[in-house]
Every structure is written in C-alpha cells, then in structure tokens.
Amino acid sequence: MNPFDAWEKQQRKKADLKYGSKNKKQQSDDYQYVFEIEDKIVDFFRESVFDGDNFDEFDSELPDKSAELLQAVSEYPVLGTVGETGSGKTIQIPQYLYEAGYTKQGKTGCTQPRRVAAMSVAARVSQEMGVKLGHEVGYSFRFEDCTSDKTVLKYMTDGMLLREIVIEPSLESYSVLIVDEAHERTLSTDILFGLLKDLINYRSYLKLLISSATLDAEKFSDYFGSAPIFKIPGRRYPVELFYAKAPEADYIEAAIVTVLKIHVNEPIGDILVFLTGQDEIETAKEILKQRTRGLGTKIAELIICPIYGNLPTELQAKIFEPTPEGARKVVLVTNIAETSLTIDGIKYVIDPGFAKVKSYNPKTGIESLLVNPISKASANQRTARSGRTGPGKCFRLYTLHNYHKGMDDNTVPEIQRTNLANIVLILKCLGIDDLVNFGLIDLPPEEALLKALELLYALGALNKAVGRQMAEFPIDPMLSKTIVASDKYKCSYEIITIASVGNSILYRPKDKQIHADNARLNFHLGDVKDHIALLRWCRENYIQIRSMKRARDIRDQLEGLLARVEIEITSNLNDLDAIKKAIASGFFPHSAKLQKNGSYWTVKHPQRAHIHPSSGLGQVLPRWVIYHELVLTTKEYMRQVTDLKPKWLVEIAPHYYQLKDVEEPASKKMPRAAGRAKE
DNA sequence: CTCTCCCTT
C-alpha cells in the first residue's frame, strides 16, 4: 500500500469514527465558539482560478459553428462533439440537423442518461421550433411515450434506445443517432457504444454523434476509429478554487464550519454543500440550526435546504424558491446536484470530496454501498456548479496534494461495478455470445462475466426459448425467471404483483398480511373515499405515493408482457407454497441455512449472512431461506427474505442442488453441524 | 437490532 492510500484509509477511518459521536458533543450555540473552531480547523489557501480561459470572452457573441458542424457530419459517419455544459449542444445540434434536412431520411434520436433531461430538453426544443411537443419533437422513456408518426426529433433515455435495439436491431427508422452525456458512462451507454459501432458498418447512411462534456472525448474518438472531434464553444464564469491546507478528518464538521465562515465573511450568494447521503444531510442540518440559533441580528438569516433523492417532491421544491433579500440559502445535497439537478444562484460550493458508490463483488455476489473519495472529474463537475450564473468560489475540504495523488481521474464506469446478468442475457438474445471480444470501450471484470453466465446457465436462460421469454421483461433475470416459472405454479397474478413492488416487498410478513390485504381492497374499490383511505394508509405506513404509482405502472407493464410471452394470468392466493415455489424457481441460487448463533451461511458460495432487522423474519429465523440480494453495510445483510422447504431446492433445481446439500440433521433441534457448514 | 448515492429497461 502506498503512503497516499494509507493516508486516505486512515483519514476515512477517522472520519467514520468521529462522525456521529463528535457531532453530538459539540452543541454550542456560542458565537465566539464558532469562530474559535473556524480558526482551528479549516484553513484554506487559494490555489487557482478554475477554468478561466473563457474569461475575456464573456460579453462577446459566441461564434456560429453550425455550418462547420454540418460539414463535418456529412463527411464522417461518426463524430465526437465536446462542449461545456451550457453550450446548448443538446438543444441546438438536432435543430441544425433538422434544418439541413437529415430528418427527411429518418428520425434523429438523442439519448440522455436521465428521464427528466429527455423530457425537459424536448420541451425546450419544441418551444424553440414553435411546434407542439409530441408532434415533430417528442420524447420517450419507460411508461411515457410522447411521440407520434410526425416525430422526427426524438429525445429518449439511453436504456430506452437499448430496448428498441432488442426489438429492432437495425434501427431502420433512424438516420442520425446522438449519444449525449457519453462521459457519464452509464451501463446502457457503454452497451449502446458496442452495438452502434457494429451497426454503422452495415448501415452506411447512418450518422452517429457522440457528445460529451469532458476532455476524455479522445477516448471515445479512438474507440470509433479516430473519429474527428468537434469542439462547441461555450462560456462559463471563473471560479476561485481553494484547498484545505491540512487534511480534515471530520468532513461534516469542516463543512459546517466553512458554511458559517462564508456566511459571516463573504458577500451575499447561496452555498451548495455536497454530502454523501440522507443521514449526513439531516445531521448537518440539525447542527447548522443549533449553531445559528440565538445569533439573532448579529448575522444574516441562513435558510437551510436539504435535498436528496428520497425527499418528497414538495419538499424538494423549496430550493427553487428565490432567497429573500438579505438572507442566504445553504443547500445540502447528495450527488443528485452533480448532474441531475441545477440550482440557480449558487455562488459558493463546499466539496468534502466523498460520495456513496455502489459496487458489486462478483466473487461473493455481495453488493455494497460505501463512502468513497470522488474522482477528479467529479470534483471539477462540483466546482463548476458555482460558476453558472456568475463568478464563484469553491472550497475543497481536502488538500491539493490529495487531489493529485489520492483521487482517480475518472469515476469507474458502471459496467465495471455492477451485476451483469441482465445485460449478458440481452446481448445473448441479440446473438452476441462473446462479450470479451464484443468490443466494449472498457471491459468488465472477467469474474463478473463468468458469474453472470453461470447464473444464466443455472436459470436455464441459455436455452434460446426460455432466454427470449425472460429477456422480454425489463427486470433482473432471477425475477424474470420467477415470472416465467409462475406459469407452472398457477400464480402469475401474485408473482407480477410481488415483482412490481420489487425492492420494497418480496415477502409479505405474516403479521402484516391482514393490513396488506385490506390495503389492496381499498385500492381496488375505486371510490373517492377509498382513495383517501389508501393515501392515509400510505402515510401511516411511511409509503411514498411515488413508489406506489411506480409499482402500479410496472405491474401494468408486466401484465402486458405476460400476454406477449403467452403466459396466462392465474391466481392462487390461498396456496402460499405455490407462490414460494415460484419465487424459489428464480432465486434458488440465493439460498441460505441457519447456524447455531442465529446467523446464516449461504449454501452455494459459502458466505456469512444475516437477515436484515427490518425483515418480518428477523425474529422468526427460519431454518432455510432464500433472499433477493446480499448487501454489505455494517454487516452482510440479506434483504427480502422468504422461508422455504429445503427439499424444494432439489425438486426445482436438481442440476444445482443435490440431496446432500440440503440434508437435515437427525436431531429436530438446531443443526449439529453449525460450525461445519462451510464444507 | 437497522438499508437505500444517483440512475434506468
């Protein structure tokens, strides 16, 4: 381990230890005290003016590059485009193509990583062109298709285009495809790259534009056989960049102190603070409230706005209210504000340099969601958030040295940190068996590919007919196998309900079944009063209306797909065993057996696991369970757990389990072999 | 005896 890694590790350990305990001790409202810590803890130095190269061109008109762009498009099959955020490339390029007549030969499709972006950009373009949204200009993503026969400029999510390729691999109806925000490297974008690169070889009149915001456009250019890169001029205000002089162990405390320091010393303007999650944001909010309370008229009012993905929409709206005269707003955000959400009027950014990152360990099948240092690209993205409407300042709570030596250049692409079973299945259905030589821009870990293939084999998905059926469903293979298997157990109605609620419920805890059933009755009666009852039920049970709606949409879609793959809708509500067997048909690779000490060992790739305390089975501890997923947080937790009879495993998956795997010990009590289970 | 950064089909 090099010294920087060691340093990083130590800092993170310290941060973890102090966070929580330390915050609770320091609850002084004292004005003096604030400044005492300020001087003690956070000391910055001004490093540079970030991205100041456009500084002199602010008031000048940006040059019109449309003619040159169109020339380049006509000359080359693939073109990379690079532009600062705010250069308007997403909005303008498709309009240039439209005016130049490209849309007469076919549609122009433009992919976005996010739904909101697809929708809002389409709305803006239709407005600029003076046409009705959904006519010439439209958008499309799952559950919402705002296009018509007239549509020639189509904005869509990258995942949507991927689905379209599965249905029609040659994409005949398109003449131009633009992959926008390519630098974000979503799984869908990476897979699209591979498919489109192949497609342009036999669809010579297809034009491909790869659009990205950062300078790694050269990587994309190389990937597409040295495609030329077209730079689109943009403008951005300069941002003064500050680094901590010394490492800060407790970044929440440091962030809070910096907020107060800015609030007292700097001219008016709103502050954006990047934290890692809901928990930290709520903690920081409370501390800030305490420290500013009682200061009265000594300082200006500080309005605290928390924003994270889980926050109900009506509370999120608060950040868009303009800051009152004389006051200052501090917005505490997760990564949601790095790309998805733009907040106007931000003048100061505070960046502790951390984010929660989901990753997947193919060896153990464990997913984890842990706090990690961000990449340089990500740090620069955060910094730029302060220079959108005027010159800004960015305070990095880490040292310049750590920026250079302790942070990766780019965030690890999603394809390298995710479970690949779903995408491997889709590619198999497109006739792509060899992913290593498929020509991806970055290869996933070999183990992840093997693990995916092994799973698909176990599920029988490598059989063409079964695989096709499963691939129709836009869900994980284990879950789609459950749906396919529900035909046999005559309970497809119940299974698609379970599948659509997805991550929130896979098992209905016994003690809550009456509640769940009552709620469903309320849901189906369709009377206004009952809807109110349902709303109340949602509130009482802390269920977001948003997730309920989503579950209903997914259920409708799954029901439609059942017909497509010719599975009849059958209901078998009284036979819980049939439902459990259907679930086991998809999730049998995720079985685990109870140990003496109340923990579990997974059966196939032996691994310790615990039932998550929020599960209805946390107290019951069934001898055998199957689980939906294994997540590492404070411990290895199984989420969404169902009990089962071990003999079902052999019955359902004889190719995967043998009798000796599931043998019960002679004793009726706890298994004698508790400590031996690893064998 | 405690999970949910952000997305998406």
Side-chain angles (χ1 to χ4, degrees), chain A residues 111-118 140-145 156-167 181 184-192 274-281 307-311 332-341 352 354-359 366-374 378 381-382 411 413-415 417-418 422-423 425-426 429 470-477 479-480 499-500 502-504 542 544 547 550 553-554 557-558 561 598-599 610-615 617-619 621 627-641:
Chain A
T111 71
Q112 297 290 320
R114 281 166 295 276
R115 305 158 62 112
V116 263
S140 169
F141 45 74
R142 191 180 184 186
F143 306 128
E144 214 167 312
D145 184 6
M156 63 185 118
T157 49
D158 50 6
M160 196 71 202
L161 184 63
L162 194 53
R163 272 283 143 188
E164 284 190 15
I165 289 191
V166 175
I167 297 161
E181 312 289 352
E184 288 197 30
R185 306 291 309 278
T186 66
L187 180 60
S188 298
T189 289
D190 271 19
I191 300 298
L192 281 174
F274 284 97
L275 295 170
T276 68
Q278 180 176 350
D279 231 44
E280 280 184 13
I281 287 174
I307 301 282
Y308 42 84
N310 257 342
L311 196 73
L332 309 171
V333 292
T334 57
N335 251 356
I336 194 168
E338 207 177 284
T339 48
S340 323
L341 201 138
F354 292 97
K356 275 190 188 171
V357 179
K358 193 153 114 175
S359 48
I366 297 181
E367 257 183 18
S368 57
L369 184 64
L370 300 171
V371 173
N372 269 303
I374 59 172
S378 192
Q381 189 86 22
R382 289 178 174 191
T411 310
E414 191 182 4
I415 198 169
R417 49 186 177 85
T418 192
N422 200 7
I423 212 76
L425 178 60
I426 287 173
C429 287
M470 286 169 60
E472 287 283 342
F473 295 92
I475 49 178
D476 274 350
L479 206 50
S480 57
S500 61
N503 285 338
S504 17
Y542 302 96
Q544 296 222 38
S547 4
R550 191 182 147 74
D553 285 344
I554 294 174
Q557 187 186 38
L558 293 179
L561 289 169
S599 72
H610 307 265
I611 293 186
H612 194 275
S614 65
S615 164
L617 291 182
Q619 300 299 313
L621 296 180
Y627 59 89
H628 187 107
E629 55 186 357
L630 193 54
V631 195
L632 175 67
T633 52
T634 48
K635 275 181 184 173
E636 296 88 356
Y637 281 115
M638 300 181 283
R639 299 210 298 213
Q640 283 90 244
V641 175

Respond yes when some side-chain nitrogen or oxygen of A/Thr633 is under 4.0 Å from OP1 or OP2 of B/dC3, and no when none is. yes
Nearest-neighbour nucleotide for the A/Lys635 side chain, B/dC6, B/dT9, B/dC1 considered: B/dC1
Taken to the nearest whole Å, CG/A/Leu370 to P/B/dC3 is 11 Å
Could you tell me how far apart A/Phe274 (CZ) and B/dC6 (C1') are, to the nearest whole angstrom? 12 Å
So CG of A/Leu187 and CG of A/Leu162: to nearest 0.5 Å the spacing works out to 8.0 Å
NA contact type, A/Glu184, heavy-atom cut-off 4.0 Å: base, sugar-phosphate, or nothing? nothing
Which of these nucleotides, B/dC7, B/dC3, B/dT9, is closest to any side-chain atom of A/Asn422? B/dT9
Think A/Lys356 has a side-chain N or O under 4.0 angstrom from the OP1 or OP2 of B/dC3? no
Over all strands shown, is A/Ser188 touching base, sugar-phosphate only, or nothing at heavy-atom distances under 4.0 angstrom? nothing
From the set B/dC7, B/dT2, B/dC5, return the single nucleotide nearest to any side-chain atom of A/Thr634. B/dT2
Would you mind checking if A/Arg114 and A/Glu184 are paired as a salt bridge, meaning a charged N to carboxylate O distance below 4.0 Å? yes
Expressed as a whole number of angstroms, how long is the span from A/Leu275:CG to B/dC6:C1'? 15 Å
Report yes if at least one side-chain N or O of A/Thr157 is closer than 4.0 Å to OP1 or OP2 of B/dC7; otherwise report no. no
Looking across every strand, which nucleic acid part, if any, lies under 4.0 Å from A/Thr334 by heavy atom: base, sugar-phosphate, or nothing? sugar-phosphate
Could you check A/Asn335 against A/Pro474 and say which one's nearest nucleotide on DNA chain B is further toward the 5' end? A/Asn335
Answer yes if the side chains of A/Glu280 and A/Thr276 hold a donor-acceptor pair under 3.5 Å, and no otherwise. yes
Round to a whole Å and report the spacing from NZ of A/Lys358 to P of B/dT4. 11 Å
To the nearest 0.5 Å, what is the distance between CZ (A/Phe143) and CD1 (A/Ile554)? 5.0 Å
Just the rounded figure in Å: distance from C1' of B/dC5 to CD1 of A/Ile374. 12 Å
Under a 3.5 Å distance rule, please check whether A/Arg417 uses its side chain to pair with a backbone N or O of A/Lys358 as donor and acceptor. yes
From the set B/dC7, B/dC3, B/dT9, return the single nucleotide nearest to any side-chain atom of A/Ile336. B/dC7
Working for side chain to side chain contact (heavy atoms under 4.5 Å, CB included), residues A/Arg382 and A/Ile374: CA-CA 10 Å; A/Arg382 289 178 174 191; A/Ile374 59 172; 3.7 Å; yes
Pick base, sugar-phosphate or nothing for A/Leu369, based on heavy-atom distances below 4.0 Å to the nucleic acid. base
Provide, to the nearest angstrom, the distance between the CG atom belonging to A/Leu187 and the P atom belonging to B/dC7. 16 Å
Rounded to whole Å, please give me the gap between CD in A/Glu181 and C1' in B/dC6. 14 Å
Rounded to the nearest angstrom, tell me the gap between atom CZ in A/Arg417 and atom C1' in B/dC7. 10 Å
Please work out if A/Arg163 contacts a base, only the sugar-phosphate, or nothing of the nucleic acid, heavy-atom cut-off 4.0 Å. base
Any base atoms under 4.0 Å from A/Phe473, or only sugar-phosphate, or nothing? Heavy atoms, all strands. nothing
